[in-house]
Asks: 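Here it is: the structure, laid out below.
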2 protein chains.
Amino acid sequence: MAEQKVQTMEDFALASGISRPTVSKYFNDPDSVRSSTRQRIEAALAKFNYTPNLFAVNQNRKQTRNIGVIVPYLADPFFAEMARLIERRCIDAGYWPILFSSHGQRQMEINALETLRSLRPAGALIAPLGRASDLEVMRKFAEDVPTVAFDSNQDIGDAFVGSDNFQSIALIVDYLCRTGEPPCFFEMPPVNPNAMKRRAAYIQAMERAGQTPEIIRVGGQSWEFEAMGLEEGKRLIAERKLPTNTVLCSNDRIAIGLLAAAYQSGLRVGRGEGCALRIAGHDDHPWAQFTCPPLTTVSQNYSAIVERSVEKLFDLMSSGVKSESREEILFDGQLILRSSA
Amino acid sequence: MAEQKVQTMEDFALASGISRPTVSKYFNDPDSVRSSTRQRIEAALAKFNYTPNLFAVNQNRKQTRNIGVIVPYLADPFFAEMARLIERRCIDAGYWPILFSSHGQRQMEINALETLRSLRPAGALIAPLGRASDLEVMRKFAEDVPTVAFDSNQDIGDAFVGSDNFQSIALIVDYLCRTGEPPCFFEMPPVNPNAMKRRAAYIQAMERAGQTPEIIRVGGQSWEFEAMGLEEGKRLIAERKLPTNTVLCSNDRIAIGLLAAAYQSGLRVGRGEGCALRIAGHDDHPWAQFTCPPLTTVSQNYSAIVERSVEKLFDLMSSGVKSESREEILFDGQLILRSSA
DNA sequence: CTCAAAACTTTACGCGCGACAAATTATCAA
DNA sequence: TTGATAATTTGTCGCGCGTAAAGTTTTGAG
């Protein structure tokens, strides 16, 4: 079989005995051609292993099928998992997700936005860095590209999808108050609005329960939450500065660090007899089930958040009009009882 | 200021008073134009915020500046970290890394390769899934694109960069034998050659030390190593089937699961008095320092592996010729002593 | 000031494909 | 069989840019 090189759609059309425009139509929507034609094309496809040149395709299409996905920190399994779900969902819908990580750095986020823009994406799903974000740049981006924000509500994009921190934090505060000493609150660094909201939600929930809020304050902009939880935790334990024997951590990564600190300090964590400390988290991080002891926490509804984000984005993309009002969609968290609290 | 729309390079050239070919030259290499010209262009750039259309650029360039990066499982922080380092390195060198995750699935890896191919990348850095990989497809890909494989040595690509499992496993086996009961070996699922090599290395090291190898066998192709370590570990402990009081895990994620199993079974882990079990891992996973107790392990030289992979790829890209011999570059591991063993 | 080299401008072509209009052919119901 | 309709073919244009050739200007050394 003389396998001539089939590089262009022209070549392929010739080789398969179909005209180029029809082949083009097929690639845009396989169901738009007669089934007999489709079969002939697919037979040729199997033989020649041709793929349209994505650059040429996207240069000419009015709208590309690219969807940009930007997450603040890919080494955080929470975002890795979200990214995984989003990718799958987009691919299934016939789109091409392109993943960027800001790696916790302002400039990387800006770069990602610029690169993304030059790809003329049909839409974007963005979890902003938060305080480190350049909102100006992001707003300009969102003016041109349908954008859904998730996780961190920075008032950018045409919609936001995330968790209701006030509901979820209240849930676990109530649980902790009901089953033992009221919790103090181990903050995460104020990198994004979630940090602020969770703190406020904690205060609100404590006051409603008639308790005095106690907050372990944390500064900085670092995303190395585990290290922070460990170091700060060791110090607090050594200096006996923990206000109560129950600690609610602003997120699970902080809790993982604090669990390590407790272990290294010889404190037994849990809600049973002989335990000196209760530790709870927030997010239901993929590895919260493997900590020692397994972490009691509030789950974020990963799949619901992804599902609605993508759905909302597709709506925006197809409608074409910029809605004047920014929609905010919040999902409830769920109590995940394990043995750490 | 009448800000006319500057969309194309033509517009931009007109607006900045420079000819289009010169502008084009500037974007390809800012140093290739006279500095006075460069300043004029950059002044206009600040004013008009123009970016060349990536699709048009890449369609015409003989070689794009895209570099494909494929990892088997992005939710694994080891790969997340590797991806992060690779991305940074490529961007610094003026390339555009595009990240794909196979999510542990054969078909996703094939898709990634196909999508990547249609981006006509200048090169690719691939950590293959391993046994689940379609080697046929991968080899065909590597015929057309300069490819460096890392982490998992599947005999594809023009070079391989990774760790010397025989060196690293021997290191920790010797340490464990020297300081206590010789270790048994808790396998990872045989997803890739590393699994096989580490097992073989363990056997070799034990025999050289005059000890009898004891292997806890694991099957399947799952990438959920922690869950496997936890469940299998609980079973083994409950049924008292652990051959020795020292367990060397094939990687840190297995060890994290086993640590959780030990904790939940009430076994104290460590090398001190009153400890029932020693557990060691392999890789120096980003979170090995936060386990309870902190994990003794062998580190992989992340930065060296990344550095050499990227360097090797750039060599291949610039030389243009396919070297007839496949180079294999292995780095030594280093003993990381913490308190789990 | 002179002159060659370097940098620039002008002009033109082509990349691979989407999109469209007009002409042709295949399909299916009556 | 006929006609209407859907599907396909033919032909043609243009997307935004890289690239090359040929002509023009600028630069800097002597």
Side-chain angles (χ1 to χ4, degrees), chain A residues 4-45 48-66 94 96 115 117-122, chain B residues 4-42 44-45 48-66 94 96 115 117-122 144:
Chain A
Q4 68 258 41
K5 285 279 171 193
V6 173
Q7 293 283 8
T8 74
M9 191 179 280
E10 199 79 50
D11 297 343
F12 179 74
L14 202 70
S16 59
I18 312 267
S19 75
R20 192 181 65 75
T22 303
V23 171
S24 170
K25 250 185 105 187
Y26 166 84
F27 278 108
N28 275 317
D29 177 8
D31 288 322
S32 68
V33 303
R34 205 157 38 208
S35 74
S36 62
T37 314
R38 177 171 172 176
Q39 282 170 20
R40 284 170 65 197
I41 293 181
E42 282 169 354
L45 217 46
F48 292 109
N49 191 33
Y50 160 77
T51 324
N53 181 325
L54 255 188
F55 296 112
V57 169
N58 282 316
Q59 181 175 10
N60 294 304
R61 250 206 273 264
K62 301 219 168 101
Q63 182 174 269
T64 69
R65 302 199 135 255
N66 303 329
W96 187 47
T115 306
R117 183 197 291 273
S118 68
L119 283 171
R120 316 255 184 259
Chain B
Q4 68 259 38
K5 285 280 173 193
V6 173
Q7 293 284 7
T8 73
M9 191 179 281
E10 199 79 50
D11 298 343
F12 179 74
L14 202 69
S16 59
I18 312 267
S19 74
R20 192 180 65 73
T22 302
V23 172
S24 171
K25 247 186 110 190
Y26 167 83
F27 278 107
N28 275 318
D29 177 9
D31 288 321
S32 67
V33 303
R34 206 157 38 209
S35 74
S36 63
T37 314
R38 177 171 170 175
Q39 282 168 22
R40 286 170 64 198
I41 293 180
E42 281 168 356
L45 216 46
F48 291 109
N49 192 33
Y50 160 78
T51 323
N53 181 324
L54 256 188
F55 296 113
V57 169
N58 282 316
Q59 180 175 11
N60 294 306
R61 251 206 274 263
K62 302 223 169 96
Q63 181 173 270
T64 70
R65 304 199 133 253
N66 304 329
W96 187 48
T115 306
R117 183 197 292 273
S118 68
L119 283 171
R120 316 259 183 257
D144 302 338

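In what follows, chains are A, B, ... by sequence order, proteins preceding strands, each numbered from 1.
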Asks: I need the Leu45(B) CG to Tyr26(B) OH distance, nearest 0.5 Å.
Replies: 5.5 Å
Asks: Report yes or no: is there a donor-acceptor pair, N or O only, under 3.5 Å between the side chain of Asn60(A) and the base of dG14(D)?
Replies: yes
Asks: When you measure from the side-chain N and O atoms of Tyr50(B) to the phosphate of dC17(D), is any distance below 4.0 Å, counting only OP1 and OP2?
Replies: yes
Asks: Can you tell me the distance, in whole Å, between the CG atom of Asn58(B) and the P atom of dG18(D)?
Replies: 9 Å
Asks: For Leu54(B) and dG18(D), give me the distance from atom CG to atom C1', rounded to whole Å.
Replies: 14 Å
Asks: For Thr64(A), is there any backbone N or O sitting under 3.5 Å from a side-chain donor or acceptor partner on Arg120(A)?
Replies: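 No; zero donor-acceptor contacts below 3.5 Å.
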Asks: Within this structure, what is the CZ-to-C1' distance between Phe55(A) and dC17(D), rounded to whole angstrom?
Replies: 13 Å
Asks: Contact boundaries of DNA chain C with chain A (under 4.0 Å, heavy atoms), 5' to 3'?
Replies: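 Taking any atom under 4.0 Å from a heavy atom of chain A, the span is dG16(C) to dT27(C).
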Asks: Do side-chain atoms of Asp11(B) reach the backbone of Thr8(B) as a donor and acceptor pair under 3.5 angstrom?
Replies: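 Side chain of Asp11(B) to backbone of Thr8(B), a donor-acceptor pair under 3.5 Å: yes, one is there.
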Asks: Quickly work out the Asn53(A) CG to dC15(D) P distance and round it to whole Å.
Replies: 19 Å
Asks: Taking N or O atoms only and anything under 3.5 Å, show me the protein contacts with nucleotides 7-11 of chain D, one pair per line.
Replies:
residue, atom, partner, partner atom, Å
dT8(D), OP1, Arg34(A), N, 2.9
dT8(D), OP1, Thr37(A), OG1, 2.3
dT8(D), OP2, Arg34(A), N, 3.3
dT9(D), OP2, Ser19(A), N, 3.2
dT9(D), OP2, Ser19(A), OG, 2.7
dT9(D), OP2, Thr22(A), OG1, 2.6

Asks: From Gln7(A) CD over to Phe12(A) CZ, what is the distance, rounded to the nearest 0.5 angstrom?
Replies: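 One finds 13.0 Å between CD of Gln7(A) and CZ of Phe12(A).
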